Amino acid sequence: MKLIILDHYLEASEWAAKYIRNRIIQFNPGPDKYFTLGLPTGLPRDHPESYHSFMWNNFFKHIDIDPGNTHILDGNAADLQAECDAFEEKIKDAGGIELFVGGIGPDGHIAFNEPGSSLVSRTRVKTLAMDTILANARFFHGDLSKVPTMALTVGVGTVMEAREVMILITGAHKAFALYKAIEEGVSHMWTVSAFQQHPRTIFVCDEDATLELKVKTVKYFKGLMLVHSKLVDPLYSMKEKIEPPKKPYSD
């Protein structure tokens, strides 16, 4: 496990973006190798607060991607479980997930795997906790009646099968969740803690998110930044052929 600690939110975001860029260039993805994970149900695709709209407005329209490769779950499918099962099959057909990128909630949930979720769960329909509903109310002018109460989400088991996992954790309100993720044991009540058992996990955080960690934990991981900075420097270019690493990933 790697813990990358940067001073501020913007620095953490920039480090993560550079790392993702390098990994994409190394992986050299092609058709049918792009997936978007998680989607609130019940909202039309063109609803301004739908996950479909969010991803297109904030990401897809800014990059070179074939719309057919976005693989966004359909939260309005007639059979939601069949939609989830089909999503799992698409991931399998594409050869699995190379790099999963996600954030967490203050309660330590990953994707929409709320506290109490099975750590071997697959893509499925999940009832949202009230804390998640309240957190999303800001997107609906504070009207709780308009916030979806269920979501389609990849399971913890689905994410654990990814070859690499990157989790972004920023802000003091996520500090206790980060503490639970790396300094305590694996628990289904803090689903992000499952990634302690993943062979290639990178947590990227800012200083505020480390407030609940032991001083020696923070000092240890900061002492490794000279090594970890080499993961984003140099920054690879699509114009150059990048050979994949010859040595296995290790801490």
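Because the structure is predicted, anything quoted here is derived from the model rather than measured.
- One finds the OG atom of Ser117 at 9.0 Å from the CE atom of Met189 (value rounded to the nearest 0.5 Å).
- Looking at Tyr19 and Glu164, their side chains come closer than 4.5 Å, going by heavy atoms from C-beta outward.
- Annotation: side chain of Glu83 is in contact with side chain of Leu73 (closest heavy-atom distance under 4.5 Å).
- For Tyr220, the OH atom counts as loosely surrounded, since its 6.0 Å shell holds 12 or fewer non-hydrogen atoms of other residues, nucleotides or ligands.
- To the nearest 0.5 Å, atoms CG (Asp131) and NE2 (His109) are separated by 9.5 Å.
- Heavy-atom minimum distance, Leu128 versus Ala151: CD2-CB, 3.8 Å.
- Both Leu119 and Met1 belong to a common hydrophobic cluster when Ile, Leu, Val, Met, Phe, Trp and Tyr are linked at side-chain heavy-atom distances under 4.5 angstrom.
- Two residues are said to be in side-chain contact when any heavy atoms from C-beta on lie closer than 4.5 Å; Arg124 and Leu152 fail this criterion.
- Atom-to-atom distance recorded for Thr158:OG1 and Phe87:CZ is 8.5 Å, nearest 0.5 angstrom.
- In this structure, Lys126 does not pair ionically with Glu114, as no charged nitrogen and carboxylate oxygen lie closer than 4.0 Å.
- The nearest pair of heavy atoms linking His188 to Thr191 is O-CG2, 3.5 Å.
- Atom CZ of Phe27 has more than 12 heavy atoms from other residues, nucleotides or ligands within 6.0 Å.
- Among Leu6, Thr210, Thr170, Leu168, the single residue meeting the side chain to side chain contact (heavy atoms under 4.5 Å, CB included) criterion with Cys205 is Thr210.
- Residues Val204 and Leu10 do not share a hydrophobic cluster, clusters being chains of Ile/Leu/Val/Met/Phe/Trp/Tyr side chains in contact below 4.5 Å.
- Of all heavy-atom pairs spanning Ala162 and Phe100, the tightest one is CB-CB, 4.1 Å.
- Between Ile72 and Trp56, the shortest heavy-atom contact is CD1-NE1, 4.1 Å.
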> When you look at His141 and Asp143, which way does the side-chain hydrogen bond (donor to acceptor under 3.5 Å, both in side chains) test go after all the steps?
Replying inline: CA-CA 6 Å; His141 306 291; Asp143 188 346; over 6 Å; no

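- The pair Lys222-Glu207 counts as a salt bridge, with a side-chain nitrogen and a carboxylate oxygen less than 4.0 angstrom apart.
- The closest side-chain heavy-atom distance from Met166 to Ile20 is below 4.5 Å.
- Across Asn113 and Gly155, no two heavy atoms sit closer than the pair OD1-CA, 3.5 Å.
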>> Could you go through Thr70 and Met55, starting from their C-alpha distance and side-chain angles, then the distance that decides it, and tell me whether this counts as side-chain contact (heavy atoms from CB on, under 4.5 Å)?
In response: CA-CA 9 Å; Thr70 55; Met55 290 303 299; over 6 Å; no

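- Annotation: the span from Ile167 atom CD1 to Phe195 atom CZ amounts to 5.0 Å, rounded to 0.5 Å.
- Atoms CZ and CD, from Arg122 and Glu88 in turn, are 4.5 Å apart once rounded to the nearest 0.5 Å.
- Summarising the local packing, OH of Tyr9 is surrounded by 12 or fewer heavy atoms from other residues, nucleotides or ligands at distances under 6.0 Å.
- Side-chain contact between Val165 and Ile110: absent, with no pair of heavy atoms (C-beta onward) separated by less than 4.5 Å.
- No side-chain heavy atom of Glu212 sits under 4.5 Å from any side-chain heavy atom of Lys180.
- Criterion: ILVMFWY side-chain heavy atoms under 4.5 Å apart, direct or through other members. Under it, Leu211 and Ile5 are not part of a common hydrophobic cluster.
- If you look at Trp190 and Phe176, their ring centroids are closer than 6.0 Å.
- Annotation: side chain of Thr149 is not in contact with side chain of Thr127 (no heavy-atom distance under 4.5 Å).
- Under the 4.5 Å side-chain heavy-atom criterion for ILVMFWY residues, no single connected hydrophobic cluster contains both Val120 and Val159.
- Residues Arg23 and Glu98 come closest through the heavy atom pair NH2-OE2, 3.1 Å.
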>> Go through it in stages, so that I can follow the logic: the residues are Lys92 and Glu161, the test is side-chain contact (heavy atoms from CB on, under 4.5 Å), and I'd like the CA-CA distance, side-chain angles, deciding distance and then a yes or no.
In response: CA-CA 10 Å; Lys92 186 184 299 183; Glu161 289 182 359; over 6 Å; no

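- Under the 3.5 Å distance criterion, the side-chain polar atoms of Asp233 are left unmatched by any main-chain donor or acceptor of Ser229.
- Atom OG1 of Thr123 and atom NZ of Lys90 lie 11.5 Å apart (nearest 0.5 Å).
- Tyr236 has its side chain out of reach of Ile24: every pair of non-hydrogen atoms, C-beta onward, lies at least 4.5 Å apart.
- Linking Ile, Leu, Val, Met, Phe, Trp and Tyr residues whenever their side-chain heavy atoms come within less than 4.5 Å places Tyr179 and Val218 in a single cluster.
- Checking side-chain atoms of Asp206 against main-chain N and O of Gly171 turns up a donor-acceptor pair under 3.5 Å.
- Counting only distance, with no hydrogens or angles, the side chain of Asn136 and the backbone of Val147 share no donor-acceptor pair below 3.5 Å.
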